[in-house]
2 protein chains.
Amino acid sequence: MASIKDVAAEAGVSVATVSRVLNDHPSVSAEARTRVLAAVEALGYRPNAVARSLRTDQTHTLGLVISDVMNPYFTELARSVEEEARALGYSVIIGNADERPDLQDHHVRNLLDRRIDGLLVSPTDGGSPLMLDAVRAGTPVVFVDRWIPGVDVPVVRADGRQAVRDLVAHLHALGHRRLAIIAGPAATTTGQERVAAFREALHACGLELPDVYIGQGDFQADSGRRVTEGFLDLPEPPEVVFAADNLMALGALDAVRARGMRVPDDIALAAFDDIPWFVHTDPPITAIAQPTGELGRAAVRALVDRIEGRPPESVTLPARLVVRRSCGEDATQNRSKP
Amino acid sequence: MASIKDVAAEAGVSVATVSRVLNDHPSVSAEARTRVLAAVEALGYRPNAVARSLRTDQTHTLGLVISDVMNPYFTELARSVEEEARALGYSVIIGNADERPDLQDHHVRNLLDRRIDGLLVSPTDGGSPLMLDAVRAGTPVVFVDRWIPGVDVPVVRADGRQAVRDLVAHLHALGHRRLAIIAGPAATTTGQERVAAFREALHACGLELPDVYIGQGDFQADSGRRVTEGFLDLPEPPEVVFAADNLMALGALDAVRARGMRVPDDIALAAFDDIPWFVHTDPPITAIAQPTGELGRAAVRALVDRIEGRPPESVTLPARLVVRRSCGEDATQNRSKP
DNA sequence: ATCGTTCGTGGAATCGATTACACCGATACC
DNA sequence: GGTATCGGTGTAATCGATTCCACGAACGAT
C-alpha cells in the first residue's frame, strides 16, 4: 500500500509538503497542492490511520461498552451513538459485556490499549478497579443509562420516576392492588432505581411492596421466566407483574403462557423499556419508553465535549408511559380499535 | 501513560529486553524477566497497540460491515462473530450500513484506513468499486449471508432452498393456493435467491408465482407494510404472504392488523429468518431459521484462516423450517398447547 | 541598496513499539 | 590454548505519519 513517501516522490515534493496538503495547512503553494493531489489520486493513496494516531496521540475513535447487544434497547442506543459520533468525525468500537463484569473489563482494557479518545460505558457492575483507574488517569469517560455512584463522571440517562408513578396510577385506576416487580441486578443503578421508584409510587397510592413481590432478575429473558413462575406459585399471586426491562418482560410473558393463562385477563404485565416488538405481541405490552436515540446522541456530545476540552454536561431526560393492552382496559375507553 | 522506555529505565535494562519479555522471546534471562515484569507491574504499563500495529503491520482486528444492526438476525450474527474472533485473539469493529451503499462504503473505507487485518462483509449492493479494489489489492475478505457474484472471495451463508420447499409443501397441505412474496432488494443475493427458491418450490407443487404476487421490499419493516397493503387491495388477494426477512414480516403483520383482519384466519404469514420474538407475537410466526451463530463463527474462522495464510473455505449451511401458527393449523395436529 | 517580513519548502526529530545486527562473556570442543 | 558456539543483551534502524526549525526567495519599506 502506498505511503506518504511514495506520494512525495510521485509529486516531486517532500513528505512535509504532502502532509501539509493532506491536513490543509495554509502555507502550501497552489502549484504544489495540485501536484500532490494528482499524485494522491494516481496512487490511490490513503493515509495510514495507525501511523497518524501514533504521532498525534488521537485515534478519533470512541469506545462504547454496553451491557447486552442482544437487548433491542442497547442496540438502538449503539446505533444512535454511532450516528452522532460519525456526524462529529469519530468512529465507534462497540464492546459487548453481556452483563458480565469480566467481559466488561476485557473490553475496557482492549479499548484503552487501542488508545481510544474516550469511553462511553453502561456499567454492568458497581465499578471495576480498571475503570476507576482509567477515570483517575484522566481518560475521558461518560456513563450512559447506568452509572457508578461516587465516580466523578458525566452521566446521561433517563429518569423514569414520573413514568413509573403514571404507570402505578394507571394500574390502580384499573383496580389492581397486588403489584409485583421483576428487578434488575442490585449492582446496577437501573436495577436499584426502578425498584425504588416503583415502591415510592405504590406508597403514593397507599400500597405496599412486600418482599415476596420483589423477584430478583438479571435483565435477561430467562430470569424473567423464572421469577414469574415463582410469583404464580405464591398462595396469593400478584395481579400485575412489572418487569424492569424488556427481555425479562418477554420471559414473563412466556411463563404466563406456559401455564395456559392469559394476559391481561389472568395477570397484567408491564415493562420498563419500550421496543418496536411490544406493539405486535399478544397482547400489546404497556411499557415505559425511554428517549433512547436522544440519550445516545447526548452521551456522545458530552463525551466529545470532554475530549475536545469543553466542559461536559450530565443529561437526564424523562421517560414516558405508553399504555397498551397488557394491563387491562379502562372501561371508559373506546375499545373498537384494539 | 507509561511507555516501554519508562519500563526499561525502571527495570534497568534496554527497551529491546522489555520488548522480548513482553513477546516472550526465549532468550531473556530469568533475572531480567522478573525485573521487567516487576517494573511493568509497578508502572501499570500496557503496551501501546497503535505503535505495535505500526511496526508489525498487524492490528489483530477484524472489520464487520453488516446491512442493518437493528435487524435481530444481524445483531445475533455480530455477536457470534465477536465471540469467535475474541476466542481467536482478534477484536471486531462493526460498521452498520443500514442498507445504504454509501454508508457501506464509508465504513469499508474507514476500516481499511485503520488497517484492519481482514474484512467480513454482508454486502448491501452489487459491489462497490471500493470493495472490489480492496479485494484486488489483497485485503483478506469473506462474505457472510450475502455475497457478490463473480468476486473470488469465500462465502459463508445459509441455503434456504430445502426449507422453502418444506414451507411451500406445508402451505399447500393446509390448502393454500395463492401464495405471495415480499422480496428483498434485487441488488442483494438473498433478495434474489429467496424469490427464486419460492418460485421453484411453487412449481414443484404445480403452482405459479404471478408478478402481482411479488412485492418489492427493501428488508425494512415499512416496505413490508406497504407491500402487504398492496396485496390486500388486489381484486384477488393472496391467501399467504411470505416475507423475505423478519422486519418485513413485522410490517406485514402491522398492515394486516390495521385492516382489522386476523392471522392466520384471514391471511397466512410466514417469514425468512427466525427470531426469538416470533414465539411471542400474535399469532406465533412460522419461519425459516438460519443457523446464525454457526454462520458467524464459520465466517470468522474462514477469514482468520485467510489472514494467517491457511486456505479459507466457503461454507453453506442448511436453513430449516419452524412451523408455528401463523399459517393455520393442520387438522390432524394436536391443538391443546398453542 | 539594505533590511525585515512573509511565504513556501525540505530536513530531521518524534511518537512507541519490534527486530536485525553486533557484541561480549562463558562454555565446549579439538 | 585456540577457536567455534551460544545465550543474553544493547544499539540503532524502521514502520508512516506530523511538525518544529532553518533556509532561501520574493517583496515592501526605508
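Side chains of A:Asn96 and B:Glu82: a donor-acceptor N/O pair is absent below 3.5 angstrom, by distance only. Side-chain N/O atoms of B:Ser53 and B:Arg115 include no donor and acceptor closer than 3.5 Å.
A:Glu83 approaches B:Asp98 most closely through the heavy-atom pair OE2-OD2, 4.2 Å. Contact record, B:Leu112 with B:Thr139: CD1-CG2, 4.1 Å, taken as the closest heavy-atom pair.
A donor-acceptor contact under 3.5 angstrom links the side-chain atoms of A:Arg20 to the base of C:dG10.
The NE2 atom of A:His60 sits 14 Å away from the C1' atom of D:dA17 (whole-angstrom rounding). For the pair A:Asp57 CG and D:dT18 C1', the computed distance is 12 Å after rounding to whole Å. Distance, A:Leu54 CG to C:dG16 C1': 6 Å, rounded to whole Å. Spacing between atom NE2 of B:His25 and atom C1' of C:dA17 amounts to 16 Å, rounded to whole angstrom units. In this structure, the CG atom of A:Asp24 is 12 Å from the P atom of D:dT19, given to the nearest Å. Atom-to-atom, CZ of B:Arg33 to P of D:dG7 comes out at 14 Å; the value is rounded to the nearest Å. Rounding to whole angstrom units, CG of residue A:Asn48 and C1' of D:dC15 are separated by 9 Å. What separates CZ of B:Arg55 from C1' of C:dT14 is a distance of 16 Å, to the nearest Å.
Residue B:Ser3 is in sugar-phosphate contact alone, with no base atom involved, counting any heavy-atom pair closer than 4.0 Å across all strands shown. Contacts of B:Val50 with the nucleic acid, taken as non-hydrogen atoms under 4.0 Å apart, are absent. Residue contacts shown for A:Ala49 are absent, as no nucleic acid heavy atom lies under 4.0 Å away. A:Val18 comes within 4.0 angstrom of no nucleic acid atom, judged by non-hydrogen atoms across all strands. At the heavy-atom level, A:Asn23 lies under 4.0 Å from the strands shown only through sugar-phosphate atoms.
Taking CZ from A:Arg109 and CG from A:Leu111, the interatomic distance works out to 11.5 Å, rounded to the nearest 0.5 Å.
Regarding contacts with the backbone of C:dT18, a side-chain N or O of B:Arg52 is found under 4.0 angstrom from either OP1 or OP2. Taking only side-chain nitrogens and oxygens, B:Ser14 never comes nearer than 4.0 Å to OP1 or OP2 of D:dT11. The phosphate of C:dC15 (OP1 or OP2) has no side-chain N or O of A:Thr56 nearer than 4.0 angstrom. At least one side-chain nitrogen or oxygen of B:Thr17 sits closer than 4.0 Å to the OP1 or OP2 atom of D:dG10. B:Ser19 has a side-chain polar atom (N or O) that falls below the 4.0 Å cut-off from OP1 or OP2 of C:dT18.
Of the candidate nucleotides C:dC15, C:dT18, D:dA17, D:dA17 has the atom nearest to the side chain of A:Pro47.
If B:Ala51 and A:Val15 are placed on DNA chain D by their nearest nucleotide, the residue sitting closer to the 5' end is B:Ala51.
Using a 4.0 Å cut-off between a side-chain N of Lys or Arg and a carboxylate O of Asp or Glu, B:Arg297 and B:Glu294 qualify as a salt bridge.
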